[in-house]
Amino acid sequence: MGVEEQRAGEFYVERDVMNELCLDKLARRRTHSTRPLLKERVKDSLRCSVPKLKRSVLSFIPILSWLPRYSVRQDALGDLISGISVGVMHLPMGLAYALLASVPPVFGLYTSFYPVLMYCIFGTSRHISIGTFAVTSIMIGTTTERLAPNSNFMTLNGTNGTHVLDVVARDAIRVQIAASTTFLSGIFLFLLGMIRFGFVVTFLSDPLVRGYMTGAGIQVVLSQFPSLFGISVGRFSGPLSQVYVIATLISYYCNLHSLYKVAVIGQIPKGLKPPRSPDVSLWGSIVGDAFAVGIVGYAVNISLGKIFGQKHGYNVDSNQEMVAVGLCNIVGGFFQCHVVAASPPRTLLQDSTGGKTQVVGMISSVLVLIFILQLGSLFEELPKAVLACIVLVNLRGLFMQFKDIPELWKSNKFDLLVWLVTLVCTILLNLDIGLGASIGFSMLTVIFRTQLPRYSILGHVPGTELYLDTDTYEEPSFSELLSLSLSQALHFLTQSGIDIGMLLMKKKKRDTEEKRKDKKEKNKAKKEAKKQQGTGFDRGPETGIHGDDHMTQMSSTGREGEVGRSSFNDTHTIILDLSTTNFADTATVKTLKNIFLNYRKIDIDIYLTGCQVCVVEQLSSADFFSESIPKSCLFSTIHDAVLHSLRLSISCTSQTFGYTYSFKGFS
């Protein structure tokens with residue numbers, strides 16, 4: 001763009017200097033809110049009409065809105081191919097992830113059937129493939145093995161006096177624990193979704209989720225070593241549990257030559273099981289596990305859903321997704337399933353093979369149903385080592401997230417720290433405690449960054465009304481008006497970082513030093529005058545000496561060369577730019593009051609600029625404004641505050657910044 005084209009974009013504005021009172025009068029600020037009262041909003045939400053009822057039903061059951069408009073010509077072929085592909089992938093993943101959940105493999109197939117149908121009815125994402133997922137499966141497995149360890153099911157063999165594991169009884173109890181945990185997790189998610197609590201996932205930042213998934217993937221790998229090597233190792237729980245797993249494997253490694261039997265899946269019963277009520281008596285022992293695994297599963301769902309929704313141009317309702325996943329788990333709990341989530345490998349396969357709607361889930365469910373009813377026996381002799389390999393191969397995407405480390409190192413080291421701490425906590429403290437510790441650490445980083453906000457000293461760009469950060473730009477300059485920009489909200493954790501006591505001490509010291517210098521200059525002038533009178537010599541007007549008054553003037557104006565330096569000693573006005581601040585609590589109001597009062601003690605005026613309406617209302621409701629702090633100390637822009645300050649400190653025309661300012665609107 002040439003110079004002439006740039007000049008075509010110039011604009012000229014002539015207006016009065018605006019403080020908050022002038023702006024309210026000019027823009028005719030409303031004296032009452034246009035927002036309906038709470039009573040009216042409640043009445044409106046409870047008022048029922050046919051259109052409103054229709055919208056509510058369609059939003060709660062999305063299949064009623066998209067299925068009647070389904071295009072067989074455009075979508076059927078892609079959905080069919082994708083449904084068959086995803087269904088084939090469901091089979092080995094369902095069998096393998098059931099082992100992670102420490103339940104018989106057939107229950108992984110149930111998890112790939114019932115919840116998938118439920119999501120087709122209530123889900124809002126067209127491309128995610130819900131079902132078994134490695135991370136949620138191992139979280140369920142940790143719970144089942146903690147509450148039903150092998151040691152609880154050892155029976156004494158009367159023939160040879162050895163202890164034998166009662167596998168049937170153990171598996172029955174573990175299935176019950178997994179189903180109860182799934183059902184309770186579904187209740188949590190359903191209730192949170194109904195009260196529009198879908199935003200809870202925002203507390204799980206992307207680095208935290210990715211670090212947690214990577215750490216969980218490492219735990220999954222370690223849990224598959226026994227199946228890979230064909231050895232029997234109990235799953236430990238609690239902090240540092242993975243260390244004991246590894247230690248046991250090392251001890252077994254020395255005796256692998258004596259272990260030749262290959263473990264296989266075993267019997268896969270045909271047919272579907274009738275629904276069964278979850279064991280409510282277990283809820284006290286699993287409430288924490290149920291909530292944690294539900295939130296993790298939902299976080300994966302909504303993350304993948306929004307990624308593919310943005311890719312294909314449609315919205316994913318976070319609250320309805322929470323309701324949908326909750327219903328999937330509630331129904332799954334009745335049919336002995338474990339917690340479901342969207343699987344990245346299946347989702348990528350569904351998208352790459354041309355799937356466009358939730359019909360893909362229906363087709364894949366039909367394929368899984370056929371396998372459960374007739375073809376399950378074909379996999380009974382499949383070695384568990386093969387399933388372990390399937391699990392490891394499907395985890396490759398999680399381990400690719402180690403590439404996040406160099407990227408986060410370049411972009412944001414706080415996020416990198418959250419990622420690494422989450423990874424370490426997940427591996428060493430186990431999945432449940434690790435998740436809580438990771439969330440706590442993530443919140444601490446937010447508090448730390450909030451407590452130490454960034455303050456920018458703004459300088460004036462000559463010839464414009466712009467004020468920019470002097471650390472970033474070379475051209476902006478500033479004089480005795482100091483403009484500060486705050487980078488975030490003001491609240492009780494925010495610290496100003498300015499020591500008022502130190503400034504007061506410096507002012508007193510400076511005033512004392514100036515008085516001492518003035519007195520010294522006066523005494524020197526008197527001696528010089530007496531000396532001149534004694535010699536009868538008068539140096540005349542060109543000497544610059546005309547008695548005490550003139551010397552005092554020289555002393556007071558001798559500091560003119562210091563004006564403009566970037567120190568608080570030469571500042572008479574501080575302007576706080578609050579344009580990025582969206583709220584101010586009561587502690588902030590007290591802090592601002594103290595700032596106004598304390599800086600006045602050192603002859604510095606304070607002005608606030610760019611305050612949003614909500615901030616002004618919060619300041620007003622907290623009785624911030626008074627005779628000592630009038631509302632006229634608020635200005636629309638930094639430039640308005642600068643002009644007002646110059647109007648008070650110098651004459652009506654100022655050349656401080658290299659050009660003339662014209663002041664209007666002041667008497």
Side-chain angles (χ1 to χ4, degrees), residues 455 457-460 462 467 470-471 474-484 496-576 594-607 628 633 641-661 663 666:
Y455 296 92
I457 298 179
L458 305 181
H460 179 254
Y467 295 81
T470 55
D471 289 336
E474 296 180 359
E475 185 65 24
S477 61
F478 55 92
S479 61
E480 64 274 12
L481 281 81
L482 182 62
S483 299
L484 299 177
S496 66
I498 301 174
D499 191 344
I500 299 295
M502 180 188 70
L503 293 179
L504 288 172
M505 187 181 301
K506 283 187 176 182
K507 180 180 182 298
K508 291 180 180 179
K509 185 177 180 180
R510 185 189 66 184
D511 292 343
T512 303
E513 184 69 19
E514 288 180 355
K515 290 180 180 179
R516 187 182 65 81
K517 287 183 178 180
D518 288 344
K519 186 176 181 181
K520 185 177 180 180
E521 291 291 340
K522 288 181 180 179
N523 293 334
K524 184 178 179 180
K526 288 181 180 180
K527 291 181 180 180
E528 190 71 24
K530 290 181 179 179
K531 183 178 179 181
Q532 292 176 6
Q533 291 176 0
T535 59
F537 177 73
D538 189 359
R539 299 178 63 180
E542 69 277 4
T543 62
I545 301 176
H546 292 280
D548 293 348
D549 292 339
H550 186 72
M551 289 301 299
T552 303
Q553 181 182 359
M554 288 295 294
S555 174
S556 63
T557 59
R559 292 170 50 235
E560 289 180 0
E562 300 178 4
V563 175
R565 293 191 302 182
S566 57
S567 66
F568 280 100
N569 292 342
D570 302 315
T571 301
H572 64 70
T573 301
I574 294 179
I575 301 170
L576 299 180
N594 292 331
I595 288 176
F596 270 82
L597 297 177
N598 289 330
Y599 275 104
R600 282 181 181 174
K601 294 179 182 178
I602 55 175
D603 301 329
I604 294 179
D605 294 326
I606 303 292
Y607 298 117
S628 58
C633 67
V642 169
L643 296 181
H644 174 71
S645 177
L646 293 176
R647 160 69 175 80
L648 297 179
S649 60
I650 55 179
S651 62
C652 292
T653 303
S654 171
Q655 301 289 341
T656 303
F657 292 117
Y659 65 101
T660 301
Y661 294 96
F663 295 90
F666 292 97

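Worth knowing before you read on, the calculation uses all heavy atoms, side chains too, and leaves out hydrogens, waters and symmetry mates. Here, residue 1 is the first one in the sequence, and each next residue gets the next number. For clarity, every value in this text was computed on a predicted model and none was experimentally measured.
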Spacing of [atom1] belonging to [X] relative to [atom2] belonging to [Y], to within rounding of 0.5 Å:
X	Y	atom1	atom2	result
Ile574	Ile595	CD1	CD1	8.5 Å
Glu521	Arg516	CD	CZ	10.5 Å
Ile575	Cys633	CD1	SG	12.0 Å

Candidate list Leu646, Asp605, Val642, Ile606, test side-chain contact (heavy atoms from CB on, under 4.5 Å), partner Thr573, passing option
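That would be Asp605.
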